[in-house]
Amino acid sequence: MNLIKINRIIFFLFLCSIFFLYYQTRFFPGSLHSWLMIAGLLITLPSVIKRCHDSHWVLPLDYALVVGLILIIVLGFVINFRTANWANFQAYILMILTYIYAKESTDYSNFRLIGLVIRAFVFINATLVILQTATGSYFPARYLASGDPPLLIACGVSDGPTKNGFLISFSLSYMLGCLIFKKLKFSKLDYFTFFLGLLSLALSASRAGIISFALVFIMAVPFGVIRSRLDSSYEIRRSFWVFTASILFFVVGSVIYFALSFGILYELRGSGVDNYGLAVLEHKSTVFMDSSMGERFGTLSYFLNLLKESPLSFLSVGYGSGSFITLYGLNMHNSWVELFFTLGIYGFILFLTLTFYVFYKALSSSFSVRLIPLLFSVLSIMIFMLAHDVVRGRIFWTGLGMLGALSLSFDPKAIKDYCRLQGA
């Protein structure tokens with residue numbers, strides 16, 4: 001078995017670990033997905049270095065931006081050594097390496113792996129969320145996650161509602177892209193799985209996850225209508241409109257019902273099950289400004305005060321990774337603000353440039369219609385980042401790296417062969 005085949009197996013396990021084991025694991029010290037990525041990098045990095053050497057170190061634009069981000073992360077850590085955090089610094093380096101690994105490990109032959117893993121995740125995770133909501137039990141993380149996560153709220157395979165929220169939103173956004181466009185496959189089982197996923201999202205108690213998917217959906221519909229009129233390959237599936245009308249009817253009906261009475265929740269809570277998760281779900285559906293929201297406004301207020309007091313730090317390489325936790329005592333709970341705080345204006349601009357460059361190339365490639373589901377997924381995480389510090393994880397950079405692989409490493413013949421195999 002050659003190294004390419006070995007890395008394909010590692011990459012598949014890496015994708016599975018992101019969706020099913022997005023936490024510190026008991027059976028392997030640290031995050032399993034990080035160790036799998038490092039193992040994959042040991043295989044892929046030599047070829048990257050050789051390719052750069054053969055081109056006399058003329059880097060593609062995305063890799064030049066990645067190198068710039070790494071330099072700023074290192075400089076920010078060194079300059080702010082007293083307040084910067086070593087573990088946080090490692091997380092920032094790993095997030096950048098995730099982009100490289102995902103890009104180097106993705107080609108047109110294994111691109112469909114992400115779709116298979118996502119469909120399996122939605123089905124299994126949604127089933128668990130529904131069971132956990134009804135019973136307050138069946139949490140896999142109790143046996144797999146290191147430490148002792150509270151696990152009082154339905155969170156599927158995850159060890160908390162935040163991870164569950166962005167993983168559901170990411171996955172449903174991907175399936176939404178497949179549902180909208182006729183050229184992409186969407187089976188009868190996918191309809192059932194998608195509906196289960198929507199139900200699990202409603203039960204997830206993740207307001208950020210619900211809002212992220214809702215905004216992607218709101219943007220996806222006009223995007224699909226406009227693009228379908230400009231490009232025949234973006235033809236919209238007829239059943240999408242029927243499904244959309246059904247979902248809207250279900251959502252509106254549910255809102256009206258819960259506005260009049262919380263009967264379902266009360267019935268479940270009165271069924272003899274001591275279910276804290278249902279109490280949280282009821283609370284979040286009625287109270288917007290709670291302690292969680294207050295904490296976010298508090299961190300944002302502290303950031304704005306720092307911006308006024310020492311603007312020069314933001315006009316250079318920022319405060320360094322982990323400094324916000326050292327200075328304030330809590331996480332930022334906003335990845336966009338965290339990036340600006342940590343990397344300064346130059347690093348923030350590099351991040352934006354890399355992201356929008358990949359998006360632009362994905363939308364303008366001849367393979368673009370098949371990249372839309374993954375693009376929707378990454379967009380959902382970008383929205384979710386407004387309420388949580390998730391940018392240091394794997395999910396955003398994996399999606400962006402896979403988009404980069406298929407839109408920047410352009411091979412027209414491979415695209416043609418792939419489309420022929422898929423019956424397109």
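These numbers were taken from a predicted model, which means no experiment stands behind them.
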Pair Asp159-Tyr22, side-chain donor/acceptor within less than 3.5 Å: no
Expected output: side-chain Thr326 to main-chain Thr83 donor-acceptor under 3.5 Å: yes
Centroid-centroid distance, Trp86 to Phe81, less than 6.0 Å: no
Lys/Arg N to Asp/Glu carboxylate O, Glu235 vs Arg229, below 4.0 Å: no
Side-chain donor/acceptor of Ser212 to backbone N/O of Phe384, under 3.5 Å: yes
More than 12 heavy atoms from other groups under 6.0 Å of CD1 on Ile4: no
Test of ring centre spacing under 6.0 Å for Phe186 and Phe181: no
Asn164 side chain to Ser204 side chain, donor-acceptor N/O pair below 3.5 angstrom: no
Side chains of Tyr191 and Ser239, donor plus acceptor under 3.5 Å: yes
Option from Phe123, Phe213, Phe194, Phe19 for which side-chain contact (heavy atoms from CB on, under 4.5 Å) with Ser171 holds: Phe19
Geometric cation-pi criterion, Lys103 with Tyr63: 6.0 Å, 45°: yes
Flag if over 12 foreign heavy atoms under 6.0 Å of CH2, Trp35: no
Distance-only polar pair, side chains of Asp190 and Thr193, donor-acceptor under 3.5 Å: no
Side-chain donor or acceptor of Trp397 paired with backbone N/O of Val391 under 3.5 Å: yes
Check: Arg394/Thr98 side-chain N/O donor and acceptor closer than 3.5 Å: yes
Neighbour count above 12 (heavy atom, 6.0 Å) for Phe12 CZ: no
Expected output: side-chain Ser365 to main-chain Phe367 donor-acceptor under 3.5 Å: yes
Side chain proximity check, Thr44 to Leu41, heavy atoms < 4.5 angstrom: yes
Phe303 vs Glu338 side-chain heavy atoms within contact, under 4.5 Å: no
Distance flag, aromatic centroids of Phe324 and Tyr319, threshold under 6.0 Å: no
Check: Val122 main-chain N/O paired with Asn125 side-chain donor or acceptor under 3.5 Å: no
Over 12 non-hydrogen atoms of neighbours within 6.0 angstrom of OH in Tyr357: yes
Stepwise ring-ring contact (aromatic ring centres under 6.0 Å, His included) check, Phe396 with Tyr99: CA-CA 9 Å; Phe396 170 80; Tyr99 174 83; 9.2 Å; no
Rounded distance [0.5 Å steps], CD1 in Ile168 versus CG in Leu201: 5.5 Å
Donor + acceptor pair across side chains of Ser31, Gln24 (<3.5 Å): yes
Test item: Thr25 side-chain N/O and Ala145 main-chain N/O as donor-acceptor pair under 3.5 Å: no
Side chain to side chain contact (heavy atoms under 4.5 Å, CB included) between Val74 and Phe89, worked out: CA-CA 8 Å; Val74 173; Phe89 171 74; 4.1 Å; yes
Between Ser368 and Tyr234: side-chain donor-acceptor atoms closer than 3.5 Å: yes
Residue pair Asn334 / Asp389, side-chain donor-acceptor N/O under 3.5 Å: no
Expected output: side-chain Arg237 to main-chain Cys178 donor-acceptor under 3.5 Å: yes
Exam field: side chain Gln132 to backbone Cys155, donor-acceptor pair closer than 3.5 Å: yes
Distance-only donor-acceptor check, side chains Tyr92 and Asn85, under 3.5 Å: no
Modelled atom types, side-chain donor and acceptor of Tyr101 and Thr398, under 3.5 Å: no
Check: Ser377 side chain, Pro373 main-chain N or O, donor-acceptor pair, under 3.5 Å: yes
Under 3.5 Å: donor-acceptor pair, side chain of Asn80, backbone of Gly76: yes
Pair Ser316-Tyr346, side-chain donor/acceptor within less than 3.5 Å: no
Sidechain N-carboxylate O distance under 4.0 Å for Asp231, Lys183: no
